[in-house]
Number of protein chains: 2
Amino acid sequence: MANEIKAELAAGKLAEYEQLSKIYDDIVKQARPHLTVEGQGKILLALADEDHLSQRQLATRLGMSPQSTSEFVYKLVKRDLVTLTKSQSDRRINLVNLTTAGRQAIESADQEVPPFVKLLSDDELDQLSFLLNKITVAMYADIDAANPTLGVKFHKLFASRYLKQFKK
Amino acid sequence: MANEIKAELAAGKLAEYEQLSKIYDDIVKQARPHLTVEGQGKILLALADEDHLSQRQLATRLGMSPQSTSEFVYKLVKRDLVTLTKSQSDRRINLVNLTTAGRQAIESADQEVPPFVKLLSDDELDQLSFLLNKITVAMYADIDAANPTLGVKFHKLFASRYLKQFKK
DNA sequence: CAATTTAATCAGGTGCCCTTATTATATATT
DNA sequence: AATATATAATAAGGGCACCTGATTAAATTG
């Protein structure tokens, strides 16, 4: 019983955090443009991980329809952040390649640790990472059970964007 | 230094959680329709808190433009979840009222504590709530500093949806 | 009473996604 | 080789959550 209330409280806080972080993002975005982990941003992030992917590969990795992928790629082409080149081995395939500008867009949008995270103590940070890890592991399992074809493993990549230490 | 890495790790986990929860929502939504805390859902939630608000009031509380508010209200009217009645004291005002169906939609969509939260121990739930509270408090402050007019306090309401105990 | 403010709506637009055709190109089958 | 089938990508159209810039109607103010 007591446990039930605690769980509701935690779930509520989690929901509140999610809502707030949308607003937070909007505000921060106005100050300094930053990559969203949606649409075009997703594509860029995937290409940062591995360049010269086909649209089909992108779609699979990102768990979205090839049509949507094509749309975002097209928008990125218009913004000169990627180019398309026909594969020589299979001329149906349109390879998506980051341009210098595209690469720069990713770098310059490098995620900064938000201030509200910085204000936690060492111990608290450990606790938070531990708890969130427990939660995300369970989520991956649930999502995978519901839809094994979803390219969801990919999302770990978004998390690693914060880890500057690990980049080169 | 060590602290910096811990912070990056936690920030990354937080980002990963947010991404995953979008996907999680989509999957859960297919199984059982549920209110989103966006658009029409936001309106319903606000009305659940206080019925018979003007569109202007809704817009202010929800921190969105009156035009968007009007759009969502109109969609809800078409779905017979709310009705519009002209205010008698000020005939410019169109009051938005929940219908029985609207009220039911809110109740029946009552949030359930997600399984991944339930799997935490009592202590872990306490820790998580504490940490998230610390974070959200800081977020409220930052958001308010950036844009004091934003009706952001409202979002606490979303959190309270989980607290069945507290409802009537 | 004229001028201004306010509530709501209309019109049009953006971004993220989806589904249902189509069009090329490849590969497998006869 | 010729046909059938599978696959990569695109076109077309739609839905949802927002937004900005007019416009209209009703209130308030001077």
Side-chain angles (χ1 to χ4, degrees), chain A residues 18-19 22-23 25-27 29-30 33-46 52-79 81-96 147 149-151, chain B residues 19 22-23 25-27 29-30 33-46 52-79 81-96 147 150-151:
Chain A
E18 282 177 59
Q19 281 312 111
K22 284 184 204 165
I23 300 173
D25 269 12
D26 280 351
I27 288 177
K29 209 178 301 173
Q30 290 181 318
H34 87 282
L35 280 184
T36 48
V37 275
E38 290 174 333
Q40 303 175 48
K42 246 180 183 169
I43 307 272
L44 286 181
L45 257 10
H52 315 298
L53 294 170
S54 72
Q55 302 191 198
R56 163 76 39 187
Q57 286 175 309
L58 280 169
T60 307
R61 294 197 189 192
L62 295 172
M64 71 182 153
S65 73
Q67 295 90 329
S68 298
T69 306
S70 171
E71 174 189 337
F72 300 133
V73 166
Y74 176 65
K75 286 176 179 172
L76 289 169
V77 168
K78 280 203 297 185
R79 292 170 61 198
L81 299 182
V82 306
T83 56
L84 288 175
T85 52
K86 280 251 181 293
S87 159
Q88 294 204 295
S89 52
D90 184 339
R91 283 188 325 195
R92 291 169 304 178
I93 291 177
N94 237 342
L95 264 6
V96 185
N147 185 346
T149 66
L150 212 57
Chain B
Q19 280 312 110
K22 284 183 204 163
I23 300 173
D25 268 12
D26 280 350
I27 288 176
K29 209 178 301 174
Q30 291 182 316
H34 87 284
L35 280 184
T36 47
V37 275
E38 290 173 335
Q40 304 175 48
K42 248 181 182 168
I43 306 273
L44 285 181
L45 257 10
H52 316 299
L53 294 170
S54 72
Q55 299 189 201
R56 164 75 38 185
Q57 285 175 308
L58 280 169
T60 307
R61 294 197 189 191
L62 296 172
M64 69 181 153
S65 73
Q67 294 92 324
S68 298
T69 307
S70 172
E71 175 189 336
F72 301 135
V73 166
Y74 176 66
K75 285 177 179 171
L76 289 170
V77 168
K78 281 203 297 185
R79 291 169 62 198
L81 300 181
V82 304
T83 57
L84 288 174
T85 52
K86 280 250 182 295
S87 159
Q88 293 203 295
S89 51
D90 184 337
R91 282 187 324 192
R92 289 171 305 181
I93 290 176
N94 237 341
L95 263 7
V96 186
N147 184 347
L150 212 58

To the nearest angstrom, the CD-P distance between A:Gln88 and C:dA26 comes to 12 Å
note: A:Gln19, atom CD; D:dC18, atom P; distance rounded to Å ~ 9 Å
Separation of C:dT14 atom P from A:Glu38 atom CD, nearest Å, is 18 Å
Axis-to-axis angle for the helix from C:dC1-D:dG30 to C:dT30-D:dA1, ends of five pairs each, to 10°, equals 10°
Exercise for the section: Determine: side-chain N/O of A:Ser68 to OP1/OP2 of C:dC18, distance under 4.0 Å, yes or no. Expected result: yes
Note: A:Ile93 and A:Ser54 closest approach over all heavy atoms is CG2-CB, 3.6 Å
A:Leu45 CG to C:dC16 C1', in whole Å, measures 16 Å
A:Asp25 atom CG is separated from C:dC16 atom P, nearest whole Å, by 14 Å
Contacts of A:Arg91 and B:Pro66 projected onto DNA chain C by closest heavy atom; the upstream (5') one is B:Pro66
Does B:Gln67 make a side-chain N or O approach to OP1 or OP2 of C:dG12 shorter than 4.0 Å? no
Comparing A:Glu71 with A:Lys86, nearest DNA chain C nucleotide closer to 5' gives the residue A:Glu71
Answer whether the closest heavy-atom distance between the side chains of B:Arg61 and B:Leu53 falls below 4.5 Å.
yes
Quiz item: Within a strict 4.5 Å, meaning less than it, do heavy atoms of the B:Leu44 and B:Val82 side chains meet?
Solution: yes
Per atom distances to the B:Asn94 side chain, the nearest of C:dT9, C:dT19, D:dA26 is C:dT9
- Query: Do A:Lys22 and A:Glu18 sit within salt-bridge range, that is, some charged N less than 4.0 Å from a carboxylate O?
  - Reply: no
Counting primed atoms, P, OP1 and OP2 as sugar-phosphate and everything else as base, the B/S/- map of nucleotides 1-6 of chain C against protein heavy atoms under 4.0 Å is -----B
Are side-chain heavy atoms of A:Gln55 and A:Leu84 found at a separation under 4.5 Å? yes
Report which part of the nucleic acid B:Thr69 touches: base, sugar-phosphate, or nothing (heavy-atom distance under 4.0 Å, all strands). nothing
Side-chain contact check for B:Ser70: nearest option of D:dT10, D:dA17, C:dT9 is C:dT9
A:Met64 atom CE is separated from D:dA9 atom P, nearest whole Å, by 13 Å
Students often get this wrong, so: under 4.0 angstrom with heavy atoms, is B:Gln40 touching a base, only sugar-phosphate, or nothing? sugar-phosphate
Heavy-atom nearest pair, A:Leu58 first then A:Ala46, reads CD2-CB, 3.6 Å
Distance col, row A:His52:NE2 vs A:Leu95:CG, nearest 0.5 angstrom, shows 7.5 Å
Worksheet entry | Heavy-atom side-chain contact between B:Leu62 and B:Thr69 under 4.5 Å | no
Is it true that a side-chain atom of B:Ser70 and a backbone atom of B:Pro66 form a donor plus acceptor pair closer than 3.5 Å? no
For residues 84-96 of chain A, the salt bridge (Lys or Arg N to Asp or Glu O under 4.0 Å) pairs (sequence neighbours left out) are A:Asp90-A:Arg92
Considering only heavy side-chain atoms of B:Phe72, the closest of C:dA8, C:dA26, D:dA17 is D:dA17
A:Leu81 CG to C:dG15 C1', in whole Å, measures 15 Å
When rounded to whole Å, the NZ to C1' distance for the pair A:Lys75 and D:dA9 reads 17 Å
